[in-house]
Amino acid sequence: MAKPKQIIRPEDITICESTQQMISKARRDGVELFFDRAEELKPCPIGADSACCKHCSMGPCRMNPTDPYKRVGVCGASIDTIATRNFGRMVAAGTAAHTDHGMAMLELFRGVIEGTITDFQIKDHLKLGEVAASLDIETDGREIKEIAADVYRELEKTYTQVEGEIPLVKRVPAKTLETWRREGIVPRGAMREIMEMMHRTAIGVDQDYENLTKQISRTALADGWGGSMVSTDISDILFGTPSPVEITVDMGVLKEDQVNIIVHGHEPNLLEAMMVSTAAPSLQQMAAEAGAKGINLVGMCCSGLEVLSRHGIPHAGNFSSTEAALVTGAVDAMTVDIQCIKQDLHKVAGCYDTVFVTTNYRAKIEGAQHIELDEHDPLKCTDEIVIKAISRFKNRSHPIEIPRRVGRGVHGFSHEYIKYMLGGSFRGGYEPLNDNIINGRIRGVAGVVGCTNPRSKQDFSHVELVKELIKNDVLVVQTGCSQVALAKAGLTTPGAAALAGAGLAEVCETVGIPPVLGLGSCVDNSRILMAVAEMVKTGGLGESIADLPVAGCAPEWMSEKAIAIGQYFVASGVFTVFGHTFPITRETKFEKLLFEGLASKGLGSWGFADDPYEMARLMLAHIDKKRQALGIDTARERVLVDMDARRGLAANE
Ligand code: XCC
Ligand code: SF4
């Protein structure tokens, strides 16, 4: 007799109450979600340990992860070769994703400069000037378009350059760059690095895990200090650099009496165009005639975070909630462009007659309707989608159930804004941050980023880890889906300072910031790189990024992009912990290299933990180790004295 299927309680799948409610509704509606499949489809144990190779037809070859050196592949490849090659291809794919996204932004920028694209403009002249200056491009007395054209030409090298160093390494602290040069890992151009990574991981090429790991770092750095950073810079130039904005998140942002349109994906241009379409009087009028109180534009995943940070557009949830949002029945249209778009969204949308549209030529979904965004006439696409959404609103035929929860927070902290907020407009800079780290009020800085994953309880590790960190006076900076988890939990409001340790709370209260700062989408991890570079340049905390009391974590990661991000943080000098799973065979030389060896070469290192308290412990231990090396470990005990001294100073000012 077959064992009765065990039904997992929604509370065990996610701590997001809205998603729990929608899991229950989906079950009543007979709609399958990815949570159900994650339960049914156990991960392949050999693949989970990265102990198989299918790089040629003499295989696929399976190793024994519990006895990794027992066998080699038909070609003789060792477990280290196999696992390193697999890891390298993940980094190549993740890097390709971010750099191709950045390339699309750069292409848009070129169209704007050349005047072939007129619906988008150069919005942030200040940022353009700063980017130009960072590339040693003359700005004095020059036309905006001239400067922009030079910036374009220079940044294009990030992708196409075949020899030399990518332009943005100019922003890397000198000692960190020196380490990269010594190790031979300064990227030339992303296309070259990705190509070489793919080549070297093919059958019978690079079969020395240490040599391969160098190319892995070089490829990842072409993402962090290359493609991702270009993407952030150009998006800021075209759409504006974020500054703090009050935001709302969670499924309660959907409105029963309005036309709800969700934009999900990664590139900001569609959402920017959609903002124009949904505000158009003619379409507003059409919505009103259909009986709607308005058109409600909402973001999800990273597309959502781009416009949440820049314009305060509401956000319905992170990666694990995209299907659940459709289950509300309230979504009249969902558009998707690139990355993290589950193929089954099309099917789930179909169950509720939600209009589901792919908009990018490089990401279609079989059977789904495709309305392509052409940057030369973006409103043609977005207007059409709005009209379809209005028509679906008029003909709504499914019962609607919208979870009531709405979280509030303040997001949009660019590294530029952090500079301003801590120092004020006269003496903007990172000195106050560094000072507070040196005097121990702030113990260190942690980046908590990345995805959610149906194989670990949604949002749980993000929220628990961040609570642990701020309680221990660690200032947290965030990007990606992680940030949405914390916003839903209410930790991105200034009031959350109450949950922070006394030192961090005092800084937050003085400056009026939350202890958890949302910096944007995943390509905006480049903002974290810029922040740590500023910390080094400001002084007092060592000479390279590897000296800083900082750590990173992606507690519930799932995407290859996350591995690329993790590797560029590690190569930049940051201790980076990944949670719940790690694509490597234990007890191998490659594991030792990633977890210990790289640090001895002056880079950062990887860490792994399966629960958020252990993640926090590892990160705090690293931060304390760095404080000790800097000789500022005793300062923490003097916090009170120091505080009084500061008050005295403030009173005298
Ligand atoms: Fe995707 Fe960017 Fe991960 Fe979220 S955090 S699941 S990569 S949407 Ni980027
Ligand atoms: Fe097997 Fe080697 Fe071919 Fe990989 S490259 S499948 S290890 S024979």
Side-chain angles (χ1 to χ4, degrees), residues 34 46 50-63 68 71-86 88-90 93-98 101 200-207 212 223 228 231-232 263-268 299-306 308-309 315-323 336-342 345 363 447-456 458-459 461-462 478-486 518-526 528 553-566 578-579 585:
F34 83 143
I46 313 265
S50 203
C52 62
C53 176
K54 54 182 179 65
H55 292 195
C56 86
S57 72
M58 296 187 282
C61 301
R62 287 200 294 186
M63 302 296 108
R71 278 206 280 268
V72 293
V74 172
C75 66
S78 68
I79 185 67
D80 291 303
T81 296
I82 290 172
T84 312
R85 285 197 302 216
N86 290 342
R89 289 204 167 182
M90 290 181 90
T95 299
H98 292 136
H101 167 175
R200 284 167 64 170
T201 49
I203 153 83
V205 189
D206 198 350
Q207 290 155 107
L212 267 168
D223 177 353
S228 282
S231 184
T232 298
V263 177
H264 161 32
H266 279 79
E267 291 179 351
M300 287 194 97
C301 285
C302 281
S303 290
L305 286 167
E306 296 264 350
L308 169 124
S309 323
H315 198 288
N318 55 24
F319 177 69
S320 291
S321 302
T322 48
E323 299 157 298
V336 296
D337 58 3
I338 50 159
Q339 301 174 17
C340 300
I341 295 144
K342 298 187 276 275
L345 284 172
V448 180
V449 306
C451 325
T452 57
N453 183 331
R455 299 207 182 277
S456 48
Q458 181 190 5
D459 297 345
S461 294
H462 291 289
Q478 290 211 283
T479 60
C481 289
S482 182
Q483 172 187 185
V484 178
L486 272 297
L519 265 58
S521 65
C522 290
V523 289
D524 295 333
N525 277 312
S526 60
I528 301 181
C553 186
E556 303 176 22
W557 76 280
M558 63 88 198
S559 165
E560 289 164 320
K561 293 181 287 172
I563 291 289
I565 292 168
F578 267 36
T585 310

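Just so you know, ligand 1 is whichever comes first in the structure, and atom 1 is the first atom listed for that ligand. Start at 1 with the first residue, then count along the sequence. Remember, it's a predicted structure, so these values are computed and weren't measured experimentally.
What sits closest to atom 3 (Fe) of ligand 2 on the protein, heavy atoms only, is C56 SG, 2.3 Å. Nearest protein heavy-atom neighbour of atom 8 (S) of ligand 2: C75 N, 3.4 Å.
Atoms of ligand 2 found under 4.0 Å from any heavy atom of M58, numbered from 1 in the order shown, are 8 (S). Listed by number with element, the atoms of ligand 1 under 4.0 Å from a non-hydrogen atom of M558 are 6 (S). The ligand atoms of ligand 2 that sit less than 4.0 angstrom from a heavy atom of I203 are 5 (S). Atoms of ligand 2 lying under 4.0 Å from at least one heavy atom of R85, given by number and element, are 4 (Fe), 5 (S). Residue-ligand proximity, G450 to ligand 1, at heavy-atom distances under 4.0 Å covers atoms 5 (S). Per-residue contacts place V74 under 4.0 angstrom from the following atoms of ligand 2 (heavy atoms of the residue considered): 8 (S).
Using modelled atom types and a 3.5 Å distance limit, the side chains of S231 and S228 yield no donor-acceptor pair. Looking at T232 and S526, their side chains do bring a donor and an acceptor atom within 3.5 Å of each other.
The proximity of M63 to ligand 2, defined as any non-hydrogen pair under 4.0 Å, does not occur for either the backbone or the side chain.
Within 6.0 Å of the CZ atom in R455, the count of heavy atoms belonging to other residues, nucleotides or ligands exceeds 12.
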task = May I have the step-by-step check of side chain to side chain contact (heavy atoms under 4.5 Å, CB included) for H101 and V523, ending in yes or no?
result = CA-CA 9 Å; H101 167 175; V523 289; 3.7 Å; yes

inquiry  = Go through it in stages, so that I can follow the logic: the residues are H266 and S303, the test is side chain to side chain donor-acceptor pair (under 3.5 Å), and I'd like the CA-CA distance, side-chain angles, deciding distance and then a yes or no.
reply    = CA-CA 4 Å; H266 279 79; S303 290; 5.7 Å; no

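With C61, C53, A202 as candidates, the residue nearest to atom 1 (Fe) of ligand 2 on a non-hydrogen basis is C61.
Ring orientation note: the planes of F319 and F34 are nearly perpendicular, at an angle over 60° on the 30°/60° scale.
For the side chain to side chain donor-acceptor pair (under 3.5 Å) criterion with Q458, the lone passing option out of N318, T452, N453 is N318.
Pairing each heavy atom of T479 with each of L519, the nearest pair is CG2-CB, 4.1 Å. Between S559 and C451, the closest heavy-atom pair is N-SG, 3.8 Å. The shortest non-hydrogen separation linking L308 to Q483 is CD2-OE1, 4.3 Å.
Contact between R71 and ligand 2 is absent, with no heavy atom of the residue lying under 4.0 Å from the ligand.
Around atom 2 (Fe) of ligand 1, the protein N, O or S atoms found under 2.8 Å comprise H266 NE2, C302 SG.
Rounding to the nearest 0.5 Å gives a distance of 8.5 Å between SG of C52 and CZ of R62.
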